[in-house]
*Asks:* 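Can you read through this structure? Questions will come right after.
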There are 2 protein chains.
Amino acid sequence: MNVRDETRAIREASFGWRIQRLARRMDERMGTELAKLGLSLPQFPVMMTVLEHEGVTQAEIAKRYHRPAYVISRALDGLQEQGLVERRPHPTSRRAHEIHATQAGAALSPRLHAIVEEVNAETLAPLSDAEREALLHLLPKLLGD
Amino acid sequence: MNVRDETRAIREASFGWRIQRLARRMDERMGTELAKLGLSLPQFPVMMTVLEHEGVTQAEIAKRYHRPAYVISRALDGLQEQGLVERRPHPTSRRAHEIHATQAGAALSPRLHAIVEEVNAETLAPLSDAEREALLHLLPKLLGD
DNA sequence: GTGCAATAATTGCAATTGCAAGTTTAGCAT
DNA sequence: ATGCTAAACTTGCAATTGCAATTATTGCAC
């Protein structure tokens, strides 16, 4: 490996590490904001999905959220307990549930969006508009979506 | 909020989400590779730090790794049990430990570096050289380091 | 040099998580 | 229509984690 490649290797090596730090930092910020509303970190994406797609099935949430079914199950247990969502019988399948936000759940929507925007803005603050553009363009490419 | 800002808001909303997915994806890849060596995910950065900075103190590892002290404590318990590191008395402070890699631990070094390089290369594969450059430049700026 | 706040590290305990196994229902092949 | 595989969801249990309290030591203020 020549010097140029070696340098690149070292720089790239720290890539994973930085992604982890960034993810954790955002998680912590989100976590403290969500706690004020009585929500946990894993509950949050589930609640968002329900709000954005009224009547989704748990399996659909799991697929969008890229997490195993039991995570959804348990997140919903909590959300239901707090009266934010309900599991209604699915019209065509007796093993599936249609998940709906209750009125209280729907009322949470603006606050949740505000948190997301705030944390994202805060995190992206050190970048210029052009850099932000670039980053937001690169991420989906990395993930393949 | 005008249409342009709204669109931006939606794109930014997915920013945190995409970072989480990327982080988790890399964690999973790392996790399976490390498992083959008998290492856990939290043990890995600790082992790397010890290899790169022979004789560090646990508090120093915690600081570099940005994690609470008890995480280091427990990671070292495991690494020590596997005979990869030792806690030696600190020359000037009786409450601190100097952490050293054993011979077996040092022998692991090339394999660990190989894993890091592989996973990073794999993750960055969808990007062109220029895009990789750009991304590797943006991350430290975001994190402030 | 005495007392006191801070640092280094560990650990008990409760909460969270992940895995794998369980239940019920669907759909499909024959 | 019967049986068999797969899907949707749940749950018991063990492992991991995080918090807060504990021990031991240090350095500093007076």
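Chain identifiers are assigned alphabetically (A, B, ...) following the order of the sequence lines, protein sequences preceding nucleic acid strands; residue numbering begins at 1 within each chain.
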*Asks:* Earliest and latest nucleotide of DNA chain C, 5' to 3', sitting under 4.0 Å from a non-hydrogen atom of chain A?
*Replies:* C/dT17 to C/dA26
*Asks:* Does a side-chain heavy-atom distance below 4.5 Å link A/Thr57 with A/His97?
*Replies:* no
*Asks:* Using heavy atoms and a sub-4.0 Å distance, could you list which residues of residues 59-69 of chain A are near DNA chain D? By number, please.
*Replies:* A/Ala59, A/Ala69
*Asks:* Any Lys/Arg nitrogen of B/Arg29 or B/Glu33 sitting under 4.0 Å from an Asp/Glu carboxylate oxygen of the other?
*Replies:* yes
*Asks:* Mind checking if B/His97 touches a base, just sugar-phosphate, or nothing, with heavy atoms under 4.0 Å?
*Replies:* sugar-phosphate
*Asks:* Look up atom CG in B/Leu142 and atom OG1 in A/Thr123, then write down how far apart they are to the nearest 0.5 Å.
*Replies:* 7.5 Å
*Asks:* If you assign each of A/Pro42 and A/Arg95 to its closest nucleotide in DNA chain C, which residue comes earlier from the 5' end?
*Replies:* A/Pro42
*Asks:* Taking only side-chain N and O atoms of A/Gln58, does any of them lie within less than 4.0 angstrom of OP1 or OP2 on D/dA7?
*Replies:* no
*Asks:* Between A/Tyr65 and B/Trp17, does the ring centre distance come in under 6.0 Å?
*Replies:* yes
*Asks:* Going by atom types alone, do B/Glu54 and B/His100 pair a side-chain donor with an acceptor below 3.5 Å?
*Replies:* yes
*Asks:* What's the separation between atom CD in B/Glu117 and atom NE2 in B/His113, rounded to the nearest 0.5 Å?
*Replies:* 8.0 Å
*Asks:* May I ask you to evaluate whether A/Arg87 reaches the phosphate of D/dT10, defined as a side-chain N or O under 4.0 Å from OP1 or OP2?
*Replies:* yes
*Asks:* List the steps, then state whether salt bridge (Lys or Arg N to Asp or Glu O under 4.0 Å) holds for B/Arg132 with B/Asp129.
*Replies:* CA-CA 5 Å; B/Arg132 231 168 296 204; B/Asp129 281 359; 3.8 Å; yes
*Asks:* Atom CD1 in B/Ile72, atom CD in B/Gln58: separation rounded to 0.5 Å?
*Replies:* 8.0 Å
*Asks:* Distance check needed: D/dA24 C1' versus B/Arg94 CZ, whole Å only.
*Replies:* 9 Å
*Asks:* For A/Asp77 and D/dT11, give me the distance from atom CG to atom P, rounded to whole Å.
*Replies:* 7 Å
*Asks:* With sugar-phosphate meaning primed atoms plus P, OP1 and OP2, does A/Thr57 contact a base, only sugar-phosphate, or nothing at under 4.0 Å between heavy atoms?
*Replies:* sugar-phosphate
*Asks:* Is B/Arg24 salt-bridged to B/Asp27, cutoff N-O under 4.0 Å?
*Replies:* no
*Asks:* When you match A/Ser93 and B/Thr92 each to their closest nucleotide on DNA chain D, which lands nearer the 5' end?
*Replies:* A/Ser93
